[in-house]
Enquirer: 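Pasting in a structure now, in structure tokens, and then I'll have a few things to ask.
Throughout, protein chains are lettered first and strands after them, A, B, ... in sequence-line order, and every chain is numbered starting at 1.
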Amino acid sequence: MKISVQTQDFDVSAELAQMRATNPAIGAVVNFVGLVRDRNDGQDIRTMELEHYPGMTEKSLQMIAQQAQLRWNLIDTLIIHRVGLLQPLDQIVMVAAASAHRGEAFAACEFMMDYLKTEAPFWKKESTAEGERWVDARESDSQAVNKWGSLHTDNADASIDQE
Amino acid sequence: MKIQLKFFASVREKLGSSGELLELDGSVKTAQQVRQLLMTRGDMWAEVLAPSRALRMAYNQQMVNGEVQLQDGGELAFFPPVTGG
């Protein structure tokens with residue numbers, strides 16, 4: 001399992017090569033890469049600043065990868081998330097799952113990404129021609145994570161949104 | 001008891017603080033009670049922590065609801081819904 005929160009960019013090909021090299025039982029690797037788009041909510045994006053909660057972020061990503069390994073028969077998992085100042089075209093996040101067959105890797109990759117979107121303490125702030133703005137959480141992300149059911153943790157409960 | 005408060009993202013910016021060490025008397029025992037206590041500071045505190053606000057709380061770096069019981073030396077964080085990925 002690899003978990004990394006970093007300011008520097010990552011090389012998807014090198015990361016996947018490293019993952020493949022660890023175990024000849026791996027028959028499938030599925031990966032997702034998230035990028036900074038040049039437009040959001042009708043405005044051009046100049047830069048994007050990613051803030052996080054040092055300490056909790058790493059624990060949270062580790063918990064998400066562990067949950068994926070409990071649900072599916074995975075050989076390896078990887079989550080890399082960048083923080084700091086990014087620009088359109090930049091890579092933000094990489095999630096990968098390796099298993100013997102594709103079905104489990106596909107599902108685990110989507111699961112980890114859906115949970116990361118709603119559980120991992122990262123916040124995006126966009127800079128546009130009209131100034132800076134914090135990105136609002138999307139209802140579609142909450143819906144995406146609901147299909148997986150709840151995580152098996154001691155006291156995690158995200159249902160405190162009182163709006 | 002004393003707990004470490006932490007604020008992130010828009011909450012941090014609006015409060016003008018990334019955190020503080022808070023001394024609590026015996027009557028304040030849960031995260032929700034700390035939220036209510038901080039709201040009595042008025043102005044931006046009352047606005048940012050208002051019950052109508054979408055706000056997340058983490059205790060000792062794990063997402064929690066307001067009922068969580070606090071311990072001396074604990075770390076309680078307030079932040080908006082997350083937007084990573």
Side-chain angles (χ1 to χ4, degrees), chain A residues 5 32-35 40 48-64 79 81-83 92-95 112-126 132-139 141-142 144-145 151 153-163, chain B residues 3-21 29-36 38-39 44-71 73-85:
Chain A
V5 179
F32 170 85
V33 176
L35 308 167
N40 191 28
M48 176 178 278
E49 177 99 37
L50 265 143
E51 179 173 334
H52 77 122
Y53 183 167
M56 179 174 170
T57 314
E58 292 81 356
K59 285 181 196 167
S60 161
L61 296 179
Q62 207 145 28
M63 189 266 293
I64 291 166
I79 305 177
H81 203 299
R82 295 178 69 191
V83 292
I92 306 174
V93 62
M94 173 177 180
V95 169
M112 289 193 286
M113 199 55 217
D114 284 348
Y115 264 102
L116 187 156
K117 280 274 185 184
T118 56
E119 295 291 319
F122 293 101
W123 301 274
K124 287 174 181 157
K125 188 190 208 179
E126 296 171 338
E132 295 185 325
R133 61 181 184 185
W134 289 98
V135 174
D136 282 330
R138 290 174 191 274
E139 178 59 27
D141 288 334
S142 307
V145 82
L151 292 177
T153 56
D154 292 330
N155 55 353
D157 183 356
S159 63
I160 54 164
D161 186 340
Q162 296 179 26
E163 274 187 338
Chain B
I3 60 163
Q4 178 67 49
L5 293 179
K6 292 205 168 191
F7 308 115
F8 291 95
S10 57
V11 174
R12 172 181 55 74
E13 276 190 351
K14 285 178 185 163
L15 296 178
S17 166
S18 57
E20 65 182 86
L21 198 60
K29 297 186 175 72
T30 67
Q32 183 59 29
Q33 286 169 341
V34 170
R35 182 171 174 173
Q36 285 160 351
L38 294 174
M39 280 179 63
M44 204 46 101
W45 294 85
E47 187 187 319
V48 169
L49 302 174
S52 61
R53 287 271 180 171
L55 197 69
R56 297 285 182 267
M57 289 180 260
Y59 183 60
N60 291 339
Q61 306 191 343
Q62 197 165 18
M63 292 264 213
V64 292
N65 64 32
E67 303 307 311
V68 67
Q69 297 283 321
L70 307 175
Q71 308 280 335
E75 180 175 297
L76 180 62
F78 294 91
F79 45 78
V82 302
T83 55

Enquirer: As an exercise: rank A:Ser60, A:Ser142, A:Ala120 by heavy-atom pairs under 4.5 Å with chain B and give me the winner.
Expert: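 Of the candidates given, the most pairs with chain B belong to A:Ala120.
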
Enquirer: Non-hydrogen atoms of chain B under 4.5 Å away: do they reach the side chain of A:Lys117, the backbone, both or neither?
Expert: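 Contact with chain B: backbone and side chain both.
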
Enquirer: Verify, without hydrogens or angle tests, whether B:Arg35 (side chain) and B:Ala50 (backbone) share a donor-acceptor contact under 3.5 angstrom.
Expert: yes

Enquirer: Check for a donor-acceptor pair, side chain of B:Gln4 on one end and backbone N or O of B:Glu75 on the other, with a separation under 3.5 Å.
Expert: no

Enquirer: Stepwise, does the salt bridge (charged side-chain N to carboxylate O under 4.0 Å, His left out) test hold for B:Lys14 with B:Glu47?
Expert: CA-CA 9 Å; B:Lys14 285 178 185 163; B:Glu47 187 187 319; 5.4 Å; no

Enquirer: Mind checking whether B:Phe7 and B:Trp45 have parallel, tilted or perpendicular rings, split at 30° and 60°?
Expert: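 B:Phe7 and B:Trp45: perpendicular rings.
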
Enquirer: At a 4.5 Å cut-off on heavy atoms, which part of B:Glu13 comes close to chain A: side chain, backbone, both, or neither?
Expert: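 The side chain, not the backbone.
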
Enquirer: Hey, which of B:Ala58, B:Ala77, B:Pro80 has the most heavy atom pairs under 4.5 Å with chain A?
Expert: B:Pro80

Enquirer: Please rank A:Met94, A:His81, A:Arg82 by heavy-atom pairs under 4.5 Å with chain B and give me the top one.
Expert: A:His81

Enquirer: Taking all non-hydrogen atoms of both residues into account, name the closest pair between A:Leu61 and A:Val5 and its distance.
Expert: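 In this case the closest contact between A:Leu61 and A:Val5 is CD1-CG2, 3.9 Å.
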
Enquirer: Angle between ring planes, A:His52 versus A:Phe122, binned at 30° and 60°: parallel, tilted or perpendicular?
Expert: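 Because their plane-to-plane angle is under 30°, the rings of A:His52 and A:Phe122 count as parallel.
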
Enquirer: Is chain B contacted by the side chain of A:Asp141, its backbone, both, or neither, given a heavy-atom distance below 4.5 Å?
Expert: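 A:Asp141 has no heavy atom closer than 4.5 Å to chain B.
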
Enquirer: Does any heavy atom of chain B fall under 4.5 Å from the side chain of A:Lys124, the backbone, both, or neither of them?
Expert: both

